[in-house]
Amino acid sequence: MNQDYIIPNNWSIIEEGFNAASVKSSESLFSIGNGAMGQRANFEEDYSGSTFQGSYIAGVYYPDKTKVGWWKNGYPKYFAKVLNAPNWIGIVVEINGESLDLATCKEIKNFRRELNMKEGWYNRSFEAILQNNTQVQVNVTRFLSLDLDELGAIKYEVTPVNSDAKVVFKPYLDAGIENEDTNWEEKFWETSTIRHDENKAFIVARTLKTNFVVATFMQNSILVNNATANVLPVEVHKETSKISFSYEIAATKGQTVSIQKLGGYTVSTNHTEDNLILAAKKVLEKANSKGFDGLLNQQKEAWAKIWEMSDITIDGDVKAQQGIRFNIFQLNQTYLGKDSRLNIGPKGFTGEKYGGSTYWDTEAYCIPFYMATKNQNVARSLLEYRYNQLDKAIENAQNNLGFKNGAALYPMVTMNGEECHNEWEITHEEIHRNGAIAFAIFNYYRYTGDYSYIPEKGLEVLIGIARFWFQRATFSKHKNKYVILGVTGPNEYENNVNNNWYTNYIAKWCIDYTFDQIQKVNAEYHSDYLRIMQKVNLNDNELTSWKKVADNLYFPYSEEYGVFLQQDGFLDKELVKVSDLDKSQRPINQKWSWDRILRSPYIKQADILQGFYFFEDHFTKEQLEKHFDFYEPFTVHESSLSPCVHSIQAAVLGRMEQAYTFYLRTSRLDLDDYNKEVHEGLHITSMAGTWMSIVEGFGGMRIKNNVLHFEPRIPSQWQGYSFKINFRNAIVKVEVSHQETKVTVEGNQEIDIVVNGTPQLVKNQ
């Protein structure tokens, strides 16, 4: 834990007291989104202190040219990134001629901000004494509408406290925006149109290279003591890529004056370019028919529906409760499954690191959450996202690695199917991501019972992946086995290693699983089988060659320790445990050179244990325990994806104190800033792992032979917990206390389950 200023609360994230040093962290923690767009919790008014401005639109990206010191063949030409979008939230606030700026005020009192997760709004309030000695009270509420997902709303209230005041609001739109993480300081946006009409303004801007066109819009209204005042702007100021209005109000002492600002984006991915401003006007027309309060009430109702299905309750542990709800809230702010063209970026709408692109995190961590808390079509859309990019995965393997015959390597990072990650040791060596994509197809069928995706689309993906693994393996005469050389496993603190156990194991599984699905589709969906075989030109000789590789893959193993080795040569390292490291050396990724990290035994995230998590039924509990005890002491958990897997495995082993500790780390990873990087943005995809650590870890949920199993456990710190899952269209609720486990089903459904090994028929009483 590296920070502890967030006040524990069951339903809200709360900060009290202004601290300039935590502004960037809070901008991340209080971020808001609605699946279509999102923004960091930047101040609406001017702030001259250290800040990281960020507003983002889902699916709008830019191919920033790769920047490396030494270019190698096969490097992706660019690193795609979600762009920092034009700013519509900005409001310059002047009090008696002085700009309100929390970095320059004489005094700031009663500063408080709250992200209300139950109802989906963000509020900030404070009292400030300006340099001109005017004292004002400020209250700001902001939200991004779930129902009108192109719209956001702000209510900014100012009350003079010690004297009358002339208050000037200057709301603006600004398309002259740059990304904080640009490689070459290139200009990403080009403004084409600036228009205004009474209290409305519009800026149309185009992204260079990718040619996304966005209309950023605003509409403003002035209120006095919460009553609308018919005030028009006294001035309209236009610049090359910016427009601002100026409203002047004479406020008496104790009188509240406010500006309500509606704003947002209409995008060429959803509208024709020549209709973007018209589309924005229609959004504003719908918003005006509701009014600010009506929109806010709609927001509360929309979030109530989300929480009805996705909430997890924890009794007796406020920090644990706050942590899981924060994770669930941010996942829903990032992705709601409305648009199959979109996916889930590791930072969501909260920062620029990782480019807002799609990683293997979606298949390995996020799909289980969305399968269980949404309609199964949401998870299926995530699978179809990869199917729609299969041709580009085949091109990636062919053009960058020289593979042939339809072998597919899915990109490590992508926005549109093309590889756009620019670190060699990740891009072309962390090939295990192919396995996660195949595993997600298996996991989807296992959970939903919907096999139709495989003959319709999924089998083609599996064949491309199996062909990749077949060609990537090399026969070693020395070992008389097939080996996979020069890879990086999930543990990125080991680059360019040979025979990473997890990579080899998932490669074998992919080939075996694909082989089995080919036989099943042939037997049960023969017309699809004939169509696919003709399309991919697959024959029995190729299948035989696949099986030869899968049946003879090499897995490094230590007879001395009785464990699979993470990779060849792991035991050559100096095996110093993490507990023996000086705390001043942590996190090692911020303290050590990369060379020193690579020579160390330290594990960034679960590697072999990730394989034991995916393929739990392939191993005994005794094997899990032996591997957990060997590798956990070397794991530094400096990947956000690590603690959740360790929490699940510790729970399986009945080590509840350890499982609880890992749960707190994963659930409060950002709230408590364990890895000293929350100012860069939140760890969105790992938040799905937090959900898994409760449902699969403590709840012990598994699907075995098409039957839902639970083996509930409860930390001593909790009085009880509950969660719901949508299992094959049955809404199942599980309530666990120290005394009992209660399972119920909604509606007229009934379902066979197994609890602690005992079969039960559950139906609504």
Side-chain angles (χ1 to χ4, degrees), residues 27 30-45 53-60 82-91 113-117 119-124 139-157 169 171-175 177 199-203 205 214-221 243-245 258-267 270-271 276-277 279-303 329-330 332-336 338-339 348-350:
E27 287 174 342
F30 291 83
S31 294
I32 56 176
N34 64 5
M37 62 176 168
Q39 52 197 209
R40 291 171 60 83
N42 305 121
F43 299 155
E44 290 83 1
E45 74 276 4
Q53 180 180 315
S55 294
Y56 308 99
I57 305 169
V60 175
V82 170
L83 290 186
N84 199 339
N87 177 3
W88 66 262
I89 71 166
I91 306 171
R113 53 173 139 194
E114 175 183 359
L115 180 62
N116 187 299
M117 300 180 289
E119 298 179 344
W121 49 262
Y122 165 56
N123 177 266
R124 181 170 55 99
N139 187 69
V140 191
T141 300
R142 184 163 101 216
F143 62 91
L144 298 181
S145 172
L146 292 184
D147 290 335
L148 298 174
D149 63 11
E150 295 170 314
L151 179 84
I154 301 168
K155 185 175 185 179
Y156 196 109
E157 300 174 301
F169 292 119
Y172 62 85
L173 303 176
D174 183 6
I177 298 298
N199 291 307
K200 303 183 184 74
F202 309 88
I203 291 183
V214 174
T216 307
F217 60 88
M218 69 173 175
Q219 177 181 317
N220 311 290
S221 56
I243 183 170
S244 65
F245 293 166
S258 59
I259 180 171
Q260 288 184 2
K261 183 176 185 181
L262 302 176
Y265 309 104
T266 50
V267 188
N270 300 316
H271 308 278
L276 289 175
I277 291 179
K281 289 180 177 180
K282 288 180 178 178
V283 172
L284 289 171
E285 185 178 342
K286 291 178 183 177
N288 288 324
S289 70
K290 299 290 182 182
F292 185 90
D293 292 338
L295 290 167
L296 184 56
N297 287 332
Q298 274 191 332
Q299 183 81 345
K300 294 174 182 178
E301 291 169 4
W303 273 104
F329 179 72
Q330 292 294 349
N332 279 292
Q333 287 202 126
T334 302
Y335 183 81
L336 288 165
K338 293 181 180 179
D339 189 339
F349 300 119
T350 72

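Residues Asn199 and Gln219 bring no donor and acceptor atom of their side chains to less than 3.5 Å of each other. Judged purely by distance below 3.5 Å, without hydrogens or angles, the side chains of Glu301 and Gln298 never pair a donor atom with an acceptor atom.
Nearest approach of Ala201 to Leu173, heavy atoms of both residues: O-CD1, 3.5 Å. Considering every non-hydrogen atom in both Gln330 and Leu115, the closest pair reads NE2-CD2, 4.1 Å. Between Ala153 and Leu262, the closest heavy-atom pair is CB-CD2, 3.7 Å. Shown here for Gly35 and Phe349, the closest heavy-atom pair between the two residues is O-CZ, 3.7 Å. Residues Leu148 and Lys286 come closest through the heavy atom pair CD2-CD, 3.9 Å. The shortest non-hydrogen separation linking Asp149 to Ala36 is O-CB, 3.5 Å.
Using a 4.5 Å heavy-atom threshold, the side chains of Tyr172 and Asn87 count as touching. Within the 4.5 Å cutoff, the side chain of Phe43 has no heavy atoms near those of the Glu27 side chain. Using a 4.5 Å heavy-atom threshold, the side chains of Met117 and Asn332 count as separate. The shortest side-chain heavy-atom distance between Thr350 and Thr334 does not fall under the 4.5 Å cut-off. The side-chain heavy atoms of Val140 and Ile154, taken from C-beta on, include a pair separated by under 4.5 Å. Residues Lys290 and Asn297 form no side-chain contact, since every pair of their non-hydrogen atoms from C-beta on lies 4.5 Å or further apart.
The line from CD of Gln260 to CG of Leu295 is 9.5 Å long, rounded to the nearest 0.5 Å. For the atom pair OG (Ser258) and CD (Glu157), the distance works out to 5.0 Å, reported to the nearest 0.5 Å. Between the OG1 atom in Thr266 and the CG atom in Leu284 there is a gap of 9.5 Å [rounded to 0.5 Å]. In this structure, CG on Asn139 lies 10.0 Å from OH on Tyr156, to the nearest 0.5 angstrom. The OG atom of Ser244 sits 12.0 Å away from the CD1 atom of Ile91 when rounded to the nearest 0.5 Å. Remark: Leu146 CG to Leu151 CG distance equals 11.5 Å, nearest 0.5 Å.
The backbone N or O of Gln299 lies less than 3.5 Å from no partner atom in the side chain of Glu119, so there is not a single donor-acceptor pair. Proximity of a side-chain donor or acceptor of Gln333 to a complementary backbone N or O of Ser31 within less than 3.5 Å is detected. The main-chain N or O of Asn123 is never found under 3.5 Å from a side-chain atom of Arg113 such that the two would form a donor-acceptor pair. At least one donor-acceptor pair under 3.5 Å links the side chain of Asn34 to the backbone N or O of Ser145. Put simply, the side chain of Tyr265 gets close to the backbone of Pro86: a donor and an acceptor are under 3.5 Å apart.
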side-chain contact (heavy atoms from CB on, under 4.5 Å) between Tyr56 and Asn84, worked out: CA-CA 5 Å; Tyr56 308 99; Asn84 199 339; 4.3 Å; yes
side-chain contact (heavy atoms from CB on, under 4.5 Å) assessment of Glu150 paired with His271: CA-CA 12 Å; Glu150 295 170 314; His271 308 278; 2.7 Å; yes
Derivation of the side-chain contact (heavy atoms from CB on, under 4.5 Å) call for Glu114 and Phe30: CA-CA 8 Å; Glu114 175 183 359; Phe30 291 83; 5.5 Å; no
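Taking 4.0 Å as the cut-off between side-chain N and carboxylate O, Lys261 and Glu44 do not count as a salt-bridged pair.
Taking the six-membered ring where the residue is Trp, Phe329 and Trp303 present tilted rings, their angle falling between 30° and 60°.
Ring pair Phe292/Phe143: centre-to-centre distance below 6.0 Å.
Atom NZ of Lys300 sits in a crowded spot, with more than 12 heavy atoms from other residues, nucleotides or ligands closer than 6.0 Å.
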